[in-house]
Q: 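Quick one: this structure, given as structure tokens, is what I'll be asking you about.
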Amino acid sequence: IELEWPDPLFPMVIVNMGSGVSCIRVDHTGPGGYERVGGTACGGATFLGLCKLLTSAQTFEEALELAEGRGGGMACRKQHGDSSRVDKLVGDIYGTSGCVDLGMPATHTAANFGKLVSKDARRRIHEEDLARSTLQMVVQASVVVAKAHMMAAGAQHVFFVGGFLENNMLAHSIIAHNMRSVHGAQCRQRLYAIGITYPVPP
């Protein structure tokens, strides 16, 4: 679905997700109107490298198939990856009632791969869970960085773009969920090649 560009558009932050992640603040369309303000080394290459180490996946597409539980070049997948079997959640620490008292969703990630300290947990997980958790860790890292740079720049919008998001609808979904979690932003789906933009609520 193609939507109108937001008005006002500037300032905005572009989060380019490739092998790594770069954040670019854009203040206007003229010369010198943009600046790289930061990023993270936790990107698409991190996802693929860890999936090659932890699972049977040998390509980016196979790693996504594992995370999504899709059939493909490998054996047919019968289940979706479940990151909650791998990651320690806020609810695992404080319990349901404790999360209510703290005003924190029990499903928020407290520690990526945090449950793997337990041998019992390691026995119960599947490679699909590891792939899903790895994808979620990479995407969540970018959302946290994007939020920080939005606040620093006083930006009204953030755009997630880059090769990591191509044919990666699971990453789109994780971005949308986590952007809503960090500041209640509404998702506005853009052209597929452009990515996703999230306006900051007043």
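Note that the numbering runs from 1 along the sequence shown for the chain. Not measured: the values here are computed from a predicted model.
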Q: CG/Leu50 to SG/Cys42 distance, rounded to the nearest 0.5 angstrom?
A: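 If I round to the nearest 0.5 Å, the distance is 8.0 Å.
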Q: In terms of hydrophobic clustering (I, L, V, M, F, W, Y; side-chain heavy atoms under 4.5 Å; direct or indirect links), are Val158 and Val37 co-clustered?
A: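 Per the 4.5 Å side-chain linkage, Val158 and Val37 are not co-clustered.
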Q: Around atom OH of Tyr94, are there more than 12 heavy atoms of other residues, nucleotides or ligands at under 6.0 Å?
A: no
Q: What I want to find out is whether Asp92 reaches Lys115 closely enough, with some N-O distance under 4.0 Å, to be called a salt bridge.
A: yes
Q: Restricting to non-hydrogen atoms, name the atom on Lys52 and the atom on Gln58 that form the minimum distance, rounded to 0.1 Å.
A: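 Closest heavy-atom pair between Lys52 and Gln58: CE-O, 3.0 Å.
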Q: I need the minimum non-hydrogen distance between Phe10 and His28, along with the two atoms involved.
A: CD2-N, 4.0 Å
Q: Out of curiosity, His108 NE2 to Cys99 SG, how far, rounded to the nearest 0.5 Å?
A: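 Nearest 0.5 Å value for the NE2-SG distance: 9.5 Å.
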Q: With a 4.5 Å limit on heavy-atom distance, are the side chains of Arg25 and Tyr34 in contact?
A: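 Result no, sub-4.5 Å side-chain heavy-atom pair not found.
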Q: Look at the side-chain heavy atoms of Ile, Leu, Val, Met, Phe, Trp and Tyr, link any pair under 4.5 Å apart, and say whether Val143 and Met17 land in one connected group.
A: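 Same cluster: Val143 reaches Met17 through Ile, Leu, Val, Met, Phe, Trp or Tyr contacts under 4.5 Å.
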Q: Is there a chain of hydrophobic side chains (I, L, V, M, F, W, Y, each step under 4.5 Å between heavy atoms) that links Met104 to Ile93?
A: yes
Q: Donor-acceptor pair, distance only, cut-off 3.5 Å: does the side chain of His172 make one with the backbone of Leu165?
A: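 Yes.
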Q: Hydrogens and angles aside, do Arg36 and Ser22 bring a side-chain donor and acceptor to less than 3.5 Å of each other?
A: yes
Q: Please determine if Arg122 and Asp120 form a salt bridge, counting it only when a charged side-chain N lies under 4.0 Å from a carboxylate O.
A: no
Q: Considering non-hydrogen atoms only, spot the tightest contact between Asn112 and Asp87 and give its length.
A: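 Smallest heavy-atom distance, with atoms named: CA-OD1, 3.5 Å.
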Q: If two hydrophobic side chains count as joined below 4.5 Å and joins carry through other members, does Val139 share a cluster with Leu64?
A: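 Yes.
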Q: Please report the C-alpha distance between Phe164 and Asn16 in whole Å, then the side-chain angles of each, then the deciding distance to 0.1 Å, and finally whether the side chain to side chain contact (heavy atoms under 4.5 Å, CB included) criterion is met.
A: CA-CA 9 Å; Phe164 178 73; Asn16 186 17; over 6 Å; no
Q: What distance separates Leu135 CG from Leu66 CG, expressed to the nearest 0.5 Å?
A: 11.5 Å
